[in-house]
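Everything numeric in this text was worked out from a predicted model, so none of it was measured.
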Amino acid sequence: MGQQDAMNTRVGGGNNGLSGGEKRRLSICIEILTRPKLLFLDEPTSKTVYFGTFSAANEFFASNGFPCPTLQNPSDHFLKTINKDFDKDIKEGFVNEIPTEEVFSILVNSYKSSDIFQHAQTEIAQICKQHSRAVEKEKRHVTFFTQCHVLTRRSFISIGFNPRRPARGALLLFVTAILTFMTVGGFPSFVEEMKVFERERLNGHYGIIAFVLANTISAIPFLIVISLIPGTICYYIPGLQKGFQHFFFSISTLFASMMLIESLMMVVAIGAGIQGIMMLVIGFFRSPADLPKPMLKYPLRHIAFHKYAYQRLLKNESEGLRFENYHNNNNNVGSGGARPMILTGEDAFKDIWHVEMATPKWVDLGVLFAMVVFL
């Protein structure tokens, strides 16, 4: 199929991948691999009026009365000569040329009687003769293990060349929510431990502060591991902000959130339900301006730790980002009229996710740890 030069070229990938014609030929190659007895091809190529070197194409068209005009691309001239789309212009008198059907007839007859055609037929005969034995061999399929190997390798290459880029806002909310909800799983063991605590406290073995402090210190190493391993995977694979400082900010926010929810579970047994209500008012599901002021906006939104965790993660991610603005019109989110074509991450997150950029991200982290101490 003449694809030798494209053996190590990606099929997709825009300008670096195969062209449209090469993709069509590749699809034919894939079907031929199984050696089908019958192969239907729906116009894989157009009607052949010339098959030869590019250097001889100008001479061929000129010798048949269709010379390429000066300062015109030969490829465009060839396509215009044999393209039926220009017949309408011919009928309306815009182009002083003969109909395309007559052009086809002239070029096809000339080509069949030319030396170029005879040379092509000779080459085709030689190729068929060389590969006749291979075609006559018994049809065989590759083994199951070879199929698995090839498909696995293709999947790895596809994932490596095409990393998934999820929406930052949704990703950060999901990571925060799933890790904090996981802590609810430790509540049954905490209930059993509370029974022992009540008996031992009443017997005067230790006080409440010692018990809470001991449980907190013992939980810290495990919370660090739980926030570090999943947080690292969810941070680097989707391609979030590079740099250790941004990564440290993200992991510390997850750790503070998990510490806080551990403290919340000690105070309130229905921690999961409270988390669900708090997540509704952080600004992801509904704009803060649209929240009913009684209860949901004041005070629930301001005491929901999810708000500070989510805002801090978004602020950390927005630093230094630049986006191409495709909505440079009067229908922008927010106010101020048309926005510039290059939009900063701070402005984008402020408009879309209603992030309070005026508050430093370290303040949000301080609020989270203050809640941990308070609870």
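- Using a 4.5 Å heavy-atom threshold, the side chains of L173 and H306 count as separate.
- In terms of modelled atom types and a separation under 3.5 Å, the side chain of T81 and the main chain of H77 share a donor-acceptor contact.
- Under a hydrophobic clustering in which Ile, Leu, Val, Met, Phe, Trp and Tyr are joined whenever their side-chain heavy atoms come within less than 4.5 Å, directly or via other members, F174 and F285 fall into the same cluster.
- Listed by chain and number, the residues in a side-chain contact (heavy atoms from CB on, under 4.5 Å) with N109 are S105 (sequence neighbours excluded).
- Side-chain contact between L171 and L240 is present, with at least one heavy-atom pair separated by less than 4.5 Å.
- Hydrophobic cluster membership differs between V150 and I32, with clusters built from Ile, Leu, Val, Met, Phe, Trp and Tyr side chains linked at under 4.5 angstrom.
- With a 4.5 Å cut-off on side-chain heavy atoms, L321 and T344 do not count as touching.
- For the pair S63 (side chain) and E59 (backbone), a donor-acceptor distance under 3.5 Å is present.
- Taking T253 as the reference, R312 meet the side chain to side chain donor-acceptor pair (under 3.5 Å) condition, with sequence neighbours excluded.
- For the pair P230 and L179, the minimum side-chain heavy-atom distance is below 4.5 Å.
- Looking only at side-chain heavy atoms (C-beta outward), T216 and V212 come within less than 4.5 Å of each other.
- Here I217 sits in one hydrophobic cluster together with L213; the rule is ILVMFWY side chains under 4.5 Å apart, joined directly or through other members.
- Among all heavy-atom pairs drawn from S257 and A309, the shortest one is OG-CB, 3.3 Å.
- For F247, the ring pair (Phe, Tyr, Trp, His ring centres under 6.0 Å) test picks out Y235, Y236, with sequence neighbours left out.
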Under 3.5 Å donor-acceptor pairs involving side-chain atoms of residues 115-125, not counting sequence neighbours:
residue: H119; atom: NE2; partner: E123; partner atom: OE2; Å: 2.9
residue: T122; atom: OG1; partner: Q118; partner atom: O; Å: 2.9

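- With hydrogens and angles disregarded, no donor-acceptor distance shorter than 3.5 Å links the side chain of N203 to the backbone of H205.
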**Study point:** Stepwise side-chain contact (heavy atoms from CB on, under 4.5 Å) test for F249 and Q241
**Key:** CA-CA 11 Å; F249 286 165; Q241 283 274 39; over 6 Å; no
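- Closest approach of V175 and C234 over heavy atoms only: CG2-CB, 3.8 Å.
- A distance-only check finds no donor-acceptor pair linking the side chain of Q311 to the backbone of V355 [under 3.5 Å].
- For residues 358-375, the side chain to side chain donor-acceptor pair (under 3.5 Å) pairs, not counting sequence neighbours, are K315-D364, N316-K361, E319-K361.
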Can you give each donor-acceptor pair under 3.5 Å made by side-chain atoms of residues 220-228, sequence neighbours left out, with the distance rounded to 0.1 Å?
residue: S227; atom: OG; partner: L223; partner atom: O; Å: 2.8
residue: S227; atom: OG; partner: I224; partner atom: O; Å: 3.0

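- For F248, the CZ atom is loosely surrounded, since the number of other residues' heavy atoms within 6.0 Å does not exceed 12.
- Considering only residues two or more places apart in sequence or on other chains, T9 meets the side chain to side chain donor-acceptor pair (under 3.5 Å) condition with none of them.
- In the hydrophobic clustering, where aliphatic and aromatic side chains (Ile, Leu, Val, Met, Phe, Trp, Tyr) are joined below 4.5 Å either directly or transitively, I209 stands alone.
- The side-chain heavy atoms of F197 and I208, taken from C-beta on, include a pair separated by under 4.5 Å.
- The hydrophobic clustering, which links ILVMFWY residues whose side-chain heavy atoms are closer than 4.5 Å, places V363 and V373 apart.
- Atoms CZ and OG, from F255 and S250 in turn, are 14.0 Å apart once rounded to the nearest 0.5 Å.
- For the atom pair CD1 (I229) and CD1 (I251), the distance works out to 10.5 Å, reported to the nearest 0.5 Å.
- Ring geometry for F61 versus F78: interplanar angle under 30°, hence parallel rather than tilted (30 to 60°).
- S318 pairs by the side chain to side chain donor-acceptor pair (under 3.5 Å) definition with nothing, not counting sequence neighbours.
- By the ring pair (Phe, Tyr, Trp, His ring centres under 6.0 Å) test, F66 pairs with no residue at all, sequence neighbours left out.
- Remark: R154 CZ to T152 OG1 distance equals 10.0 Å, nearest 0.5 Å.
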Exercise for review: Kindly indicate, with the supporting measurements, whether the criterion side-chain contact (heavy atoms from CB on, under 4.5 Å) is fulfilled by E356 and Y308.
Suggested key: CA-CA 10 Å; E356 299 171 358; Y308 302 99; over 6 Å; no
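- Sequence neighbours left out, the pairs with a member in residues 191-200 that pass side chain to side chain donor-acceptor pair (under 3.5 Å) are E200-Y206.
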